[in-house]
Enquirer: 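The following block contains the structure, expressed as structure tokens.
Chain identifiers are assigned alphabetically (A, B, ...) following the order of the sequence lines, protein sequences preceding nucleic acid strands; residue numbering begins at 1 within each chain.
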Amino acid sequence: MYALADVNSFYASCEVAWRPDLQGKPVVVLSNNDGCVIALSAEAKKLKIKMGAPYFKQRALFQQHNVVVFSSNYELYGDMSHRVMETLGALCPKIEIYSIDEAFLDLSRLPGDLDLESFGKEIRDTVKQHTRLTLGVGIAPTKTLAKLANFAAKKWTKSQGVIDLSDPVRQKKLMSYVPVEEVWGVGRRISKKLNDAGIKTALQLAECDLWFIRKNFNVVMERTVRELRGEPCLGFDEFAPAKQEIVCSRSFGTRVTAYQEMREAICYYATRASEKLRAEHQFCRQISVFVKTSPFAEGEIYYGNLASTRLITPTQDTRDIIFAATKCLDDIWKEGHRYQKAGVMLGDFFSQGVSQLHLFDERAPRANSDALMTLFDKINDKGKGTLWFAGQGISRDWQMKREMLSPAWTTRLSDVPVARA
DNA sequence: TCTGGGGTCCTAGGACCC
DNA sequence: TCTGGGGTCCTAGGACCC
């Protein structure tokens, strides 16, 4: 039996948790660069705000309803997430952290006489007490059903945030109400295709012929159908599997037109990606860079391109990665465009000790690489951005906009509120 | 003027092998 | 007139997730 615990309106709730004066008010959080709306408090959901739609198109609506707007503050959300996961881990030893705001709990090893619904309530109350954040909890024999139970727990307030779906009769009843697009793994494209075939509810999907699904969709969809029928197909990953790819990309605060600026940004992304790579204890062989102009700009010719290099020997040294990335940039840079976004991607990973040296690689190995990178990370760990590569530049006018950023309440000493007696 | 970032898995098709 | 069968590996693109 699994439980899925998921924080309601996570980003918006994190902001309100530290600003009790905002309780009961409509609050929204924007994506990076203050681009789109990506989180809404319950009060904001009642207004006609469109999730995922651009901020600038909804500004008038926000003013009209006195909506409080925040730029996204990932430092805060990351730390709050950590607190939630710690609390969940203390209540249930087997947990799989699925995303920043949700986790699956494996309930199979809990005492047999434990009432699942009251355990769900206990989880909810404890997290609330520790973090001021409210969870929805869904309990079921498969992950897909637990997701569905969680959806229902949030939707129907009389459930008080916890729904136990261990009973197959209750599973069917719920599925008959839930539209198929709410099923985990059914996105926009597939739900349209299912609707066209007359499949509108989760129950209809669960009762589909497996052969039909396999023929018209794929194995992923077949697993979803089986999971809805109560047959577990998705495993439980207590330990996060090693990453296969690392991406660092960002939209620019203002459009980039000068090569020098773009080069600075690429150096910065390459540095960040390298830091993530070392944090994963990996070496990479593939380095890619992409640049693009805005797909929405009218009267401009769209340009987007990607270049990759494959190294002979895997590396985790920022200097190698910056060198390769800037070379890639030179391959795709085109003068005369107003660039909106760029990024660096790392792939083809090797773990320490298994990288194969190359017979014909005449480049001298960097003797001090390991020590230098360790020191670099250690210094920056204490104070973000203390040491950086000159290529990143100093003024960095291209950096993203975050005009409504809240303080890092929990991770920066200077941001901790002062109480005066 | 202004439209996010970071991932995963699967499939089809091409190149190549014997 | 007629041209096999069985594989692997890689890449690009499409779908999904939060």
Side-chain angles (χ1 to χ4, degrees), chain A residues 4 6-11 28-39 50-60 62 69-74 77-78 81 96-104 143-144 147 150-151 180-194 213-224 233-235 237 240-255 269 272-273 276-277 280 285-286 288 290 292-300 302 306 308 310 338 340-349 400-404:
Chain A
L4 175 69
D6 171 324
V7 181
N8 298 348
S9 310
F10 182 56
Y11 296 168
V28 307
V29 177
L30 305 180
S31 63
N32 270 341
N33 219 25
D34 295 341
C36 299
V37 174
I38 54 166
K50 281 200 206 113
M51 175 81 159
Y55 167 53
F56 73 91
K57 285 192 176 173
Q58 308 194 72
R59 204 170 306 174
F62 291 170
V69 183
F70 287 99
S71 301
S72 33
N73 182 346
Y74 288 100
Y77 312 149
S81 169
E96 174 187 333
I97 298 173
Y98 178 68
S99 77
I100 193 163
D101 75 327
E102 62 190 296
F104 287 102
K143 283 180 161 182
T144 307
K147 270 275 194 186
N150 180 282
F151 166 78
V180 75
E181 57 264 31
E182 299 298 341
V183 173
W184 191 35
V186 178
R188 261 218 330 271
R189 280 280 173 35
I190 289 175
S191 64
K192 171 147 196 335
K193 210 169 148 187
L194 286 169
I213 294 294
R214 194 57 180 264
K215 237 176 67 184
N216 293 281
F217 301 89
N218 55 26
V219 274
V220 183
M221 202 58 208
E222 183 181 338
R223 284 200 276 257
T224 298
C233 300
L234 302 173
D237 281 316
K243 280 197 201 310
Q244 304 178 42
E245 187 180 57
I246 286 171
V247 179
C248 183
S249 75
R250 216 123 298 173
S251 297
F252 301 123
T254 53
R255 298 281 186 262
Y269 303 146
R272 275 295 301 138
K276 291 188 200 173
L277 184 67
E280 289 277 312
R285 247 185 55 172
Q286 169 119 347
S288 312
F290 71 85
K292 62 198 280 297
T293 62
S294 169
F296 303 104
E298 279 174 49
E300 271 180 53
Y302 176 80
L306 175 116
S308 303
R310 187 167 226 101
R338 294 171 67 243
Q340 175 242 357
K341 184 175 177 176
V344 171
M345 302 193 273
L346 308 179
D348 199 5
F349 292 167
M400 67 178 173
K401 263 194 318 202
R402 296 158 100 188
E403 282 167 356
M404 293 148 287

Enquirer: Between C/dC18, B/dG4, B/dT8, spot the one nearest the side chain of A/W184, thanks.
Expert: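 Out of C/dC18, B/dG4, B/dT8, the nucleotide with an atom closest to A/W184's side chain is C/dC18.
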
Enquirer: Could you work out which one of B/dG4, C/dC17, B/dC10 sits closest to the side chain of A/Y74?
Expert: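 For the A/Y74 side chain, the nearest candidate turns out to be B/dG4.
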
Enquirer: Between B/dC2 atom C1' and A/L30 atom CG, what is the distance in whole Å?
Expert: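 Between C1' of B/dC2 and CG of A/L30: 12 Å.
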
Enquirer: If each of A/R250 and A/R223 is mapped to the nucleotide of DNA chain B with the nearest heavy atom, which maps nearer the 5' terminus, i.e. the 5' end?
Expert: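 Counting from the 5' end, the first nearest nucleotide belongs to A/R250.
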
Enquirer: Could you state the atom-to-atom distance from CD of A/E298 to P of B/dC2 in whole Å?
Expert: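 Whole-Å distance recorded here is 11 Å.
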
Enquirer: To the nearest Å, give me how far apart CG (A/N33) and P (B/dG5) are.
Expert: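 Distance, rounded to whole Å: 7 Å.
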
Enquirer: Any cation-pi pair here, A/R59 with A/Y55, using under 6.0 Å and within 45°?
Expert: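 Because its charged atom sits under 6.0 Å from the ring centre and within 45° of the axis, A/R59 does stack over A/Y55.
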
Enquirer: Could you tell me the separation between the OH atom of A/Y302 and the P atom of B/dT3, rounded to a whole number of Å?
Expert: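 In whole Å, B/dT3 P lies 13 Å from A/Y302 OH.
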
Enquirer: Hey, does the side chain of A/K341 come within less than 4.0 Å of B/dG5's phosphate (OP1/OP2), counting only N and O?
Expert: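 True: A/K341 side-chain N/O within range (under 4.0 Å) of B/dG5 OP1/OP2.
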
Enquirer: Only stems of 3 or more consecutive Watson-Crick or G-U pairs count here, both distances under 3.5 Å; name the ones for DNA chain B, or none.
Expert: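 Consecutive-pair runs (3 or more) involving DNA chain B: B:5-18 with C:5-18.
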
Enquirer: Give a yes/no answer on whether the side chain of A/R59 brings an N or O atom under 4.0 Å of OP1 or OP2 in B/dT1.
Expert: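 No, because none of the side-chain N or O atoms of A/R59 sits under 4.0 Å from OP1 or OP2 of B/dT1.
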
Enquirer: Provide, to the nearest angstrom, the distance between the CD1 atom belonging to A/I97 and the C1' atom belonging to C/dC18.
Expert: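 Between C1' of C/dC18 and CD1 of A/I97: 14 Å.
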
Enquirer: Take atom CG of A/D101 and atom P of C/dC18, then tell me their distance rounded to the nearest Å.
Expert: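 In whole Å, C/dC18 P and A/D101 CG are 9 Å from each other.
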
Enquirer: Go nucleotide by nucleotide along DNA chain B from the 5' end; which of A/K276 and A/F56 gets its closest nucleotide reached first?
Expert: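 Going by which nucleotide is closer to the 5' end, it is A/F56.
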
Enquirer: Please report the distance separating the C1' of B/dG4 from the corresponding atom of C/dC17, rounded so that it comes out in whole Å.
Expert: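 Those two atoms are separated by 15 Å.
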
Enquirer: Would you say A/K147 reaches C/dC18's phosphate, i.e. side-chain N/O to OP1/OP2 under 4.0 Å?
Expert: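 Yes, within the criterion.
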
Enquirer: Atom CZ of A/R255 and atom OG1 of A/T293: how far apart are they, to the nearest 0.5 Å?
Expert: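 Rounded to the nearest 0.5 Å, the CZ-OG1 separation comes out at 8.5 Å.
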
Enquirer: Output yes when at least one side-chain N/O atom of A/S31 is less than 4.0 Å from OP1 or OP2 of B/dT3, else no.
Expert: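 Checking A/S31 against B/dT3: no side-chain N or O falls below 4.0 Å of OP1 or OP2.
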
Enquirer: Output the rounded distance in Å from CD (A/E222) to P (B/dC9).
Expert: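 Taking CD of A/E222 and P of B/dC9, I get 18 Å after rounding.
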
Enquirer: For the atom pair CZ (A/F217) and NZ (A/K193), what is the distance rounded to the nearest 0.5 Å?
Expert: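 It is 4.5 Å, given to the nearest 0.5 Å.
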
Enquirer: Quick one: pull up CZ in A/F10 and CD1 in A/I100 and give me the separation to the nearest 0.5 Å.
Expert: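 Nearest 0.5 Å value for the CZ-CD1 distance: 5.0 Å.
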
Enquirer: Expressed in angstrom and rounded to an integer, what is the separation of A/L234 atom CG from C/dC16 atom P?
Expert: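 To the nearest whole Å, that distance equals 16 Å.
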
Enquirer: Classify the angle between the aromatic ring planes of A/F252 and A/Y269 as parallel (below 30°), tilted (30 to 60°) or perpendicular (above 60°).
Expert: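 The rings of A/F252 and A/Y269 lie parallel, inter-plane angle below 30°.
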
Enquirer: Where does the angle between the aromatic ring planes of A/Y11 and A/Y74 fall among parallel (under 30°), tilted (30 to 60°) and perpendicular (over 60°)?
Expert: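 Because their plane-to-plane angle is over 60°, the rings of A/Y11 and A/Y74 count as perpendicular.
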
